[in-house]
2 protein chains.
Amino acid sequence: MTSIKDVAKAAGVSTATVSRVLANKPPIRPETRERVMAAIAQLNYRPNLVARSLRAQKSAKIGLVVSDIRNPFFTAIGRAVEDAAYEQGYSVLMCNTDENPEKEMLYLNLLHDENVSGIIFSPTHQFSSQAGDFHFDIPTVIIDRLVHNKEADMVLLDNVSAAYELTEHLLANGYRKIAGLFGDASATGQERHQGFVNALRDHGLTPFSAEFVSPRIRSGFSAATALLQNADQPDAIFTSNSMLTAGVFQAAREFKIKIPDEFALVGFDVTEWGEFVDPPITVIAQPTEEIGRTATELLFQRLSNPNRSARTVILKGNLLKRGSSIAKR
Amino acid sequence: MTSIKDVAKAAGVSTATVSRVLANKPPIRPETRERVMAAIAQLNYRPNLVARSLRAQKSAKIGLVVSDIRNPFFTAIGRAVEDAAYEQGYSVLMCNTDENPEKEMLYLNLLHDENVSGIIFSPTHQFSSQAGDFHFDIPTVIIDRLVHNKEADMVLLDNVSAAYELTEHLLANGYRKIAGLFGDASATGQERHQGFVNALRDHGLTPFSAEFVSPRIRSGFSAATALLQNADQPDAIFTSNSMLTAGVFQAAREFKIKIPDEFALVGFDVTEWGEFVDPPITVIAQPTEEIGRTATELLFQRLSNPNRSARTVILKGNLLKRGSSIAKR
DNA sequence: TTGTAAGCGTTATCAT
DNA sequence: ATGATAACGCTTACAA
């Protein structure tokens, strides 16, 4: 391994000078600079990031902590974060928690021990409920899930409004017996439930039903199965995340129940399948690219200005009206 | 930051002893050990991984270099790699190259500078073509794309057989005018083309057509559009990756051409949409979980035995016969 | 069984 | 403008 010492020797200067050239920190004589650059090129020298990190007590890395990178929402976020980080010369450490608080804690610790400069974090339900006491000693941006903590920046969707809008869309299209299926793993499900109920209430209605279940395809499947096999069926199903939407869709297909003729289906998040199936699924599209980018930018702002007070950015969802919820009759 | 020195002081021992306790390296007196453990617990000490890495000249991190984590194939691989790494106490640095050799080189260098212990790598076309000369100074496992290099382990799919089987399936179901669409970004497309042509030849046939295009949805869309608007149409389209499959499917939908009545569609890789659409798409399922796991395991084996000669693991694809290619007529 | 001290590759402070 | 050197936190000969 060629180190700064070798370069110094080759250029006939001290390691300090090489370091200065590298960091572009004057004062430095142009001539010396040239000599050092030549040596660097000739030896094909590359600074050791680990040593630099040890010395600086931080590193050009950020941690990304999410439940599962296979969730299309997080995949998209992950990619956006990586892009934004890359532009600043940062790299991304990927951490999947599986909604498991222990894995989450382990990763948070690991990121700390790795001297990452910052963390972008979608916390589990358990974490959120105790987040008030938590001290983030590394700059952290929370995404997707509301948390009550003074220290962390946040990038969230306006879930209540989004759910309200999605529900109103169903109402406008003539649906009245609307069942709701909500994820029970985060505050997000609760907020979407809120918007759902508000919209119905404002139209003098109550939910046909409202259930909180684990955010998995099979939960959506069983819940929908129960709902649809009853004599008294809903005419629409509202789902609070794309896993549940998929489960409901599968149930409809399994039991040959036509969407939207027999019931309308709406949900959250853009997925490939949701666009490709017939009819395509009406959803609230979250601006994933923007969420990832904003989170990363917030992080970098915080890094350059550590004692700025935390801010929360709330983004709007975008209703994509599609075939799964066209006007009734 | 509480360091090993603080622990040593608190326990009334030297830093060396603390280090030994941490590493569980005898000889160490049980009593001393206890005292050290107590101090560690009391001070809530956590070893600094960066310092450890600098000293050891390696780190418990591996790099994952792929073209795009949003490609469902790589998403699945990424998750499998992360799982396998996690079990060994390793973490994963995520790198997206976008098939861009410069970004690829930059990341390879970065991983080097970060002292990662190993790399799991799906190289660009350009890289592969010069890979013979490349010296991997970090243990590297190549996945998905064949490369001619003596140093790297590899985990590949038997693409020729898989494509052969997929083509034979079409033939068995009565399709004769089969068009092929292949990705031009890697050796993978070439190999699948090979299997495609072989199968046809063995049945005394030639391709209706065979094109190499960039592996993007819109390339698949335009190629399919051209193919399907001609007077003389194929009765089946074979695609070599899921981006192209999606493009062809979209074209069929756009122009209201019925699958499989007017043409059959087959491809590679499991996607959510491919299962959900009607009819579902016949594909060769790659064992993504196994590929990721195997690659990671190969890496760890290599780490514990650095001068073992490189090995290549070839996995078989699994034909999932679905509605998009049912028997003709 | 334990302690001392060198060294991993940088950077920042203080001299010169 | 540049050089010498300490320090970041850890591990590992080597000594005791």
Side-chain angles (χ1 to χ4, degrees), chain A residues 1-37 39-40 43-61 89 109-117 137-138, chain B residues 1-37 39-40 43-61 89 109-117 137-138:
Chain A
M1 261 236 31
T2 136
S3 86
I4 204 171
K5 273 188 192 168
D6 306 313
V7 177
K9 195 172 299 175
V13 297
S14 76
T15 63
T17 302
V18 178
S19 179
R20 278 186 209 106
V21 170
L22 250 32
N24 221 336
K25 272 211 186 111
I28 200 99
R29 196 144 51 93
E31 192 186 307
T32 330
R33 185 188 163 65
E34 302 250 318
R35 222 150 17 98
V36 172
M37 293 305 262
I40 288 176
L43 294 176
N44 197 13
Y45 163 76
R46 305 187 47 82
N48 180 315
L49 265 29
V50 176
R52 189 173 278 175
S53 169
L54 175 60
R55 173 66 225 223
Q57 300 291 51
K58 64 184 177 186
S59 71
K61 290 197 296 283
N109 284 331
L110 177 90
L111 293 174
H112 170 101
D113 303 345
E114 281 281 2
N115 271 355
V116 300
S117 294
D137 49 2
I138 297 174
Chain B
M1 260 235 33
T2 136
S3 86
I4 203 171
K5 272 189 193 166
D6 305 314
V7 177
K9 195 171 297 173
V13 298
S14 77
T15 61
T17 302
V18 178
S19 179
R20 279 186 207 107
V21 170
L22 250 32
N24 220 335
K25 271 212 186 110
I28 203 99
R29 197 145 50 94
E31 191 188 307
T32 330
R33 187 189 163 64
E34 302 249 318
R35 221 151 16 101
V36 172
M37 293 304 262
I40 288 176
L43 294 176
N44 197 11
Y45 164 76
R46 306 189 47 83
N48 180 315
L49 264 28
V50 176
R52 188 174 278 176
S53 169
L54 175 59
R55 172 66 223 228
Q57 300 291 49
K58 64 186 176 182
S59 71
K61 291 197 296 284
N109 284 331
L110 177 90
L111 293 173
H112 171 100
D113 302 344
E114 281 281 3
N115 270 358
V116 299
S117 293
D137 49 2
I138 297 174

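All of these numbers come straight from a predicted model, not from anything done at the bench.
Atom-to-atom, CE of Met1(B) to C1' of dA7(D) comes out at 14 Å; the value is rounded to the nearest Å. Rounding to whole angstrom units, NZ of residue Lys58(B) and P of dC10(D) are separated by 18 Å. Atom NZ in Lys9(A) sits about 14 Å away from atom P in dG3(D), given to the nearest Å. As rounded to whole Å, 13 Å separates atom P of dA4(D) from atom NZ of Lys5(A). Going from atom CG of Leu54(B) over to atom P of dC8(D) covers 14 Å, rounded to whole Å. If you measure from atom CG of Asn115(B) to atom C1' of dC8(C), you get 10 Å, rounded to the nearest angstrom. Taking atom CG of residue Leu49(A) and atom P of nucleotide dG9(C), one finds them 14 Å apart after rounding to whole Å.
The nucleotide whose nearest atom lies closest to any side-chain atom of Arg29(B) is, among dT1(C), dT10(C), dG9(D), dT1(C).
Contact annotation for Arg33(B): no contact, since no heavy-atom pair falls under 4.0 Å across all strands. Nucleic acid contact for Thr32(A): sugar-phosphate only, since backbone atoms but no base atoms lie under 4.0 Å from a heavy atom of the residue. Residue Val50(A) is out of contact with every strand shown, counting any heavy-atom pair closer than 4.0 Å.
Between Glu114(B) and Ser59(B) the shortest heavy-atom distance is O-OG, 3.9 Å.
Close to dG3(C), at under 4.0 Å from its OP1 or OP2, lies a side-chain N or O of Ser14(B). At the phosphate of dG9(D), OP1 or OP2 sits under 4.0 Å from a side-chain N or O atom of Gln57(A).
Using a 4.5 Å heavy-atom cutoff, the side chains of Val21(A) and Thr32(A) are not in contact. At least one side-chain heavy atom of Thr17(B) sits less than 4.5 Å from a side-chain heavy atom of Ser14(B). The shortest distance between side-chain heavy atoms of Val50(A) and Arg52(B) does not fall below 4.5 Å.
Atom OG1 of Thr2(B) sits about 11.0 Å away from atom NZ of Lys9(B), to the nearest 0.5 Å.
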Subject >> B/S/- contact track for nucleotides 11-16 of chain D, protein heavy atom under 4.0 Å >> reply: BBB---

**OP:** Please lay out, stage by stage, how Asn48(B) and Ser3(B) fare under the test side chain to side chain contact (heavy atoms under 4.5 Å, CB included).
**Re:** CA-CA 8 Å; Asn48(B) 180 315; Ser3(B) 86; over 6 Å; no

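Residues that satisfy the salt bridge (Lys or Arg N to Asp or Glu O under 4.0 Å) test with Asp6(B), not counting sequence neighbours, are absent from this structure.
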